[in-house]
Novice: 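Before we start, here is the structure in question, set down as structure tokens.
Reminder, nothing fancy here: chain letters follow the sequence lines and each chain counts from 1.
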Protein chains: 2
Amino acid sequence: MKKILITDDDAELRAKLSEILKEAGYLTDEAASGKEALKKAVSDEFDIVLLDLMMPKMSGMDVLAEIKKVRPRTKVIMITAFATVENAVDAVKKGASDYICKPFKIETLLATIGRVLEEIKFEDSANKLDLDYTFSTLSNQIRRNIIKLLGSKAGMRFVEITKELGIEEEHTKLAFHLRMLKETGIIEQDPEKLYSLTKEGEKIMDYLRTIENYILT
Amino acid sequence: MKKILITDDDAELRAKLSEILKEAGYLTDEAASGKEALKKAVSDEFDIVLLDLMMPKMSGMDVLAEIKKVRPRTKVIMITAFATVENAVDAVKKGASDYICKPFKIETLLATIGRVLEEIKFEDSANKLDLDYTFSTLSNQIRRNIIKLLGSKAGMRFVEITKELGIEEEHTKLAFHLRMLKETGIIEQDPEKLYSLTKEGEKIMDYLRTIENYILT
DNA sequence: CAATTCTGTCAATTATTGTTGACAGAATAC
DNA sequence: GTATTCTGTCAACAATAATTGACAGAATTG
């Protein structure tokens, strides 16, 4: 069940939208001001936030920026009565997923929400693949050790690595994991056969460090 | 090759210790003050830091605390001429691995270092097992989704989970992963057959969140 | 009560991962 | 140049993980 936060200073409009969206199968919550919207978006995780630009005090644009900062994965749909191309472009640049002009038809809103939710699905599956790949790479001790080793010292030779890892007797094992890491683009070899982390590899080493510190503390 | 940082304001003693430790097969570096020691320990990762308590300016105890804060896995061996039980207890509480009184025999120092290194080895292997287990659990998409789902909503029934994950047709698959998660103590079931995360599971969900946020940003 | 849905287990099968020994060209040492 | 060490490949095998279909008791519905 997807969660949508409706932000508008017009209580009547909020109530109406809330009713319609609930009928359409969404969970809804309401916020009367930008400040309230921000507060709710931070404390609770919404899939979508509907945000009216022209609200007193905090401008919708600022709220948008703040929400995206704290909840990068929450999608924000801007709603405004005074549409300009500049505003729209600005909003999208700041991370808005879409931009609707008042007055709008309910179908327009529902269609927009549907489209944005499709985007979420797509992004999620892309991220999942990435995570699969990352976690399965990191689920092996030897590979983790290789990554850490090359992270602390770039450009090592084959023997050097076997020695550091204490697996001099099992060099084929090392060759296997090195090949794996090479195929997945985590490490690379220069013409002198020295192994180093790729950019991607450094990123993964960072994840590893993050988690290790997390577990150790 | 293990790296040891020797901290003492007596240059002669430092040089002597450094020579001995190098002969014993260690990499060494020296620091003349607590401040210098802290700086080096932060910028470089040492396995062991030898720390003299009675140094001008920053007290050894403070340096100890700072080092452990930044480098929780670096082991610190305190060395002091004025040993008291209180100091020793205090040092160990603050995270010192051992406590040696001046004057000491070289054999004592080497033995202490050897013992502490053994501890590191032991801790490392324990951590590695933990990491293996964590990563291999997380390397499966379905399990990650189950964990996230139960993290957002504790106490779900079997069908509910299949529906949320969109695998109504493959219920045996879900049963398999649920059993795995149950066996590894990540999730549990109450008498009404509702599934929830265990404490351990919540911890693992935290790791997952950490990494996901890391990857997404 | 009968029918149906829910919550599994189990065994068989398949897919994926990891290990090992045999072998060999390239580089280096002597 | 010869011997030795380094840096692999390859195929066979072993171990582990994941999927699937058949089945069944428990709970719920009607």
Novice: How many Å lie between CG on B/Asp132 and P on D/dT16, as a whole number?
Specialist: 13 Å

Novice: Just checking, B/Lys3 and B/Phe46: is the charged tip under 6.0 Å from the six-membered ring centre and within 45° of the axis?
Specialist: yes

Novice: To the nearest angstrom, how far is B/Ile167 atom CD1 from D/dT20 atom C1'?
Specialist: 13 Å

Novice: If you measure from the Lys or Arg side-chain nitrogens to the Asp or Glu carboxylate oxygens, is any gap between A/Arg144 and B/Asp132 under 4.0 Å?
Specialist: yes

Novice: Parallel, tilted or perpendicular: which describes the rings of A/His171 and A/Phe158, with under 30° parallel and over 60° perpendicular?
Specialist: perpendicular

Novice: Quick one: B/Leu174 CG to C/dT5 P, roughly how many Å, whole number?
Specialist: 19 Å

Novice: Taking the side chain of A/Lys173 as its heavy atoms from C-beta onward, which of C/dT20, D/dA18, D/dT19 lies nearest to it?
Specialist: C/dT20

Novice: Mind checking side-chain hydrogen bond (donor to acceptor under 3.5 Å, both in side chains) for B/Glu170 and listing every partner two or more places apart, or none if nothing turns up?
Specialist: B/Lys173

Novice: Would you indicate, yes or no, if D/dA17 has its OP1 or OP2 atom less than 4.0 angstrom from a side-chain nitrogen or oxygen of B/Asn140?
Specialist: no

Novice: For A/Ser18 and A/Thr28, test the side chains for any donor-to-acceptor distance below 3.5 angstrom and give the result as yes or no.
Specialist: yes

Novice: How long is the line joining CD of B/Glu192 and P of D/dA26, in whole Å?
Specialist: 17 Å

Novice: A/Glu169 has an atom CD; how far is it from atom C1' of C/dT19, in whole Å?
Specialist: 15 Å

Novice: Holding to salt bridge (Lys or Arg N to Asp or Glu O under 4.0 Å), I want the full list of residues that pass it with A/Lys102, two or more places apart in sequence or in another chain.
Specialist: A/Asp8, A/Asp52

Novice: What's the CD-P distance between B/Glu170 and D/dG21, to the nearest Å?
Specialist: 10 Å

Novice: Base contacts versus sugar-phosphate-only contacts with protein, heavy atoms under 4.0 Å: please encode nucleotides 5-12 of chain D as B, S and - from 5' to 3'.
Specialist: -SBBB---

